[in-house]
Amino acid sequence: MLSVRDAEATILNAVKPLDNQLDVEFVDLLMANNRILATPVISSLDFPHWDNSAMDGYAVRYADVQQARADKPIVLQVVEEIPAGYEPQVTIKPGQAARIFTGAMMPPGANTVVMQEKTHRQENRVFVFIAPQPQEFVRRKGDFYQAGNEILPAGIPLTASEIAVLAAAGREQVSVFRRPRVAILSVGDELVMPEQLLKPGQIVDSNQYALATLMRELGAEVLLLGIIQDEPTTLQEIIDYAIANADIVISTGGVSVGDYDYIYKTLASLAAKIHFRSVQMRPGKPLTFATFGNKLYFGLPGNPVSALVTCWRFVKPAIKKMSGLAKGWESKFVKVKSSSELQSNGKMETYILGKLHLVNGVYQFQKSEGNDSSGNLINLAQTNALAVLPVGKTFVYPGEEVLVLHL
């Protein structure tokens, strides 16, 4: 039985990120939200594209106004008005100024903007009462970015901010990694779909819905293979199909030591490299991880809490690393105070469902109210964090710090 840390390292070492040549596609910019950029972006444009004003006011020569005072204003002739989107037609000469607006192109000859609050206009003359700083309120061409340099690196998720940059750079399409393909199946004679009438001894397969939703939230394409009965031949055919058609296969159920748990035998018959079959954690101990070359197989426990906890802890970072993210795919842990009493038997690394919430501006962890059974999926509702009690830790008192996996 591996420790959680060793299991995580084994999984992440087995993950091969998508290839930046073979696993790339072009998508329209408006369809690129949360996709992973596959190649660095270089723009042929400077930002700003030209010298422009950062303020409504007057474009002037600094030499003309550097001595301006309230009791001795400098008077300049206004020779042009320059709104945004207009190309100046006049070169500013000594003793002249141009009325200019925020974002407008600076006229030739001018090198400083005097904000309008420091001036007074009379017809075609402007009185400047306070001397500005040299080049004040002027955004120079290329101040933010110089053409030919990298404007966005590969391996980053594209959110509103990055898409704004790409649009400003004139990109209509962008090169992104394809989505990882994840096949999901549930194993067990006792499982039925939500629309079926429950018979004694049966339970609804909620795992398939939970895992498919999580995988899609992580940007993966999902191949749902349904409920597979505890029958070795059928199970082998389905797993063989899943491996051929997906990058990652996730099954739930069939991984413990029961007489009808066939996952391990099936993987062995398909020549999988089985890395481990259990992890020193609660919930989630009966976790199987195997590989078929670069393909990953996760055999998650059937209990719904165990399935999601192991998926959050191990599958989520594996998906993120495979997706092409250059960094930031590791699980995110924070230390916060617990507002609840937390308990463990100390024999396993223990994960406790709960929520991070703000108390007087400080985050605290609050344990979910129901019991800790790995079959209690009702406790999953509104969970956004898992408190982690390491091996040997049996108690956390209210007000004591606890390590939390932020979901």
Side-chain angles (χ1 to χ4, degrees), residues 29-30 32-33 37 41-153 156-172 174 358 360-362:
L29 201 54
L30 286 175
N33 185 38
L37 189 62
V41 176
I42 295 172
S43 177
S44 61
L45 298 172
D46 290 311
F47 288 83
H49 308 324
W50 47 75
D51 293 358
N52 71 87
S53 175
M55 185 68 63
D56 290 347
Y58 293 87
V60 300
R61 298 169 70 253
Y62 174 72
D64 288 343
V65 296
Q66 60 182 326
Q67 302 299 326
R69 303 195 310 266
D71 61 343
K72 192 176 181 181
I74 300 296
V75 183
L76 302 174
Q77 180 187 10
V78 180
V79 295
E80 188 175 27
E81 183 169 294
I82 310 171
Y86 173 82
E87 182 178 358
Q89 303 297 309
V90 176
T91 297
I92 302 302
K93 297 175 182 177
Q96 295 181 339
R99 177 72 166 118
I100 197 166
F101 297 89
T102 302
M105 192 173 183
M106 288 290 290
N111 57 17
T112 300
V113 173
V114 180
M115 63 188 300
Q116 63 186 25
E117 289 83 355
K118 297 179 180 180
T119 66
H120 175 68
R121 178 80 175 266
Q122 287 185 356
E123 297 180 347
N124 68 339
R125 297 184 303 166
V126 61
F127 292 75
V128 179
F129 293 99
I130 299 176
Q133 296 297 313
Q135 302 185 37
E136 190 170 20
F137 300 124
V138 176
R139 296 184 288 223
R140 292 293 179 187
K141 178 182 178 181
D143 268 356
F144 309 153
Y145 166 83
Q146 291 79 47
N149 294 317
E150 184 177 277
I151 197 169
L152 289 176
I156 62 171
L158 297 175
T159 65
S161 302
E162 291 75 30
I163 288 173
V165 171
L166 290 166
R171 295 297 182 97
E172 295 180 61
V174 61
L358 279 171
N360 297 323
V362 178

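Just so we're clear, the structure is a prediction, and the values are computed from it rather than from any experiment. Any value given below was found using the heavy atoms of this structure, including those in side chains, with hydrogens, waters and symmetry copies removed.
- One finds the CD atom of Q133 at 11.0 Å from the CD atom of Q66 (value rounded to the nearest 0.5 Å).
- A donor-acceptor pair under 3.5 Å is formed between the side chain of D46 and the backbone N or O of A147.
- Side-chain contact between Y58 and L76: absent, with no pair of heavy atoms (C-beta onward) separated by less than 4.5 Å.
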Table please: side-chain donor-acceptor pairs of residues 82-97 below 3.5 Å, with sequence neighbours left out.
residue: Y86; atom: OH; partner: E80; partner atom: OE2; Å: 3.1
residue: Q89; atom: NE2; partner: E87; partner atom: O; Å: 2.7
residue: Q96; atom: OE1; partner: K93; partner atom: N; Å: 2.9

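- Going from atom OH of Y145 over to atom CZ of F47 covers 7.5 Å, rounded to the nearest 0.5 Å.
- For the atom pair NE2 (H120) and CZ (F129), the distance works out to 6.5 Å, reported to the nearest 0.5 Å.
- Atoms CZ and NE2, from R139 and H49 in turn, are 11.5 Å apart once rounded to the nearest 0.5 Å.
- Residues L158 and L166 form a side-chain contact, since some pair of their non-hydrogen atoms from C-beta on lies under 4.5 Å apart.
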Task: Test log, rule side-chain hydrogen bond (donor to acceptor under 3.5 Å, both in side chains), inputs T159 and E162 - done: CA-CA 6 Å; T159 65; E162 291 75 30; 2.4 Å; yes
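- Rounded to the nearest 0.5 Å, atoms CG (D64) and CD1 (I74) are 8.0 Å apart.
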In residues 100-114, what donor-acceptor pairs under 3.5 Å come from side-chain atoms, sequence neighbours left out?
residue: T102; atom: OG1; partner: D56; partner atom: N; Å: 3.2
residue: T102; atom: OG1; partner: D56; partner atom: OD1; Å: 3.0
residue: N111; atom: OD1; partner: Y62; partner atom: N; Å: 2.8
residue: T112; atom: OG1; partner: Q135; partner atom: N; Å: 3.0

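- Between the side chain of R99 and the backbone N or O of G57, at least one donor-acceptor pair lies under 3.5 Å.
- Scanning all heavy atoms of the two residues, the minimum distance from P73 to A70 falls at CD-O, 4.0 Å.
- Interatomic distance, R140 CZ to D143 CG, rounded to the nearest 0.5 Å: 8.0 Å.
- Annotation: salt bridge (charged side-chain N to carboxylate O under 4.0 Å, His left out) contacts involving residues 114-136, sequence neighbours excluded, are absent.
- Few gaps surround CG on D71; more than 12 heavy atoms of other groups in view lie less than 6.0 Å from it.
- Shown here is L30, whose CG atom has no more than 12 heavy atoms of other residues, nucleotides or ligands within 6.0 Å.
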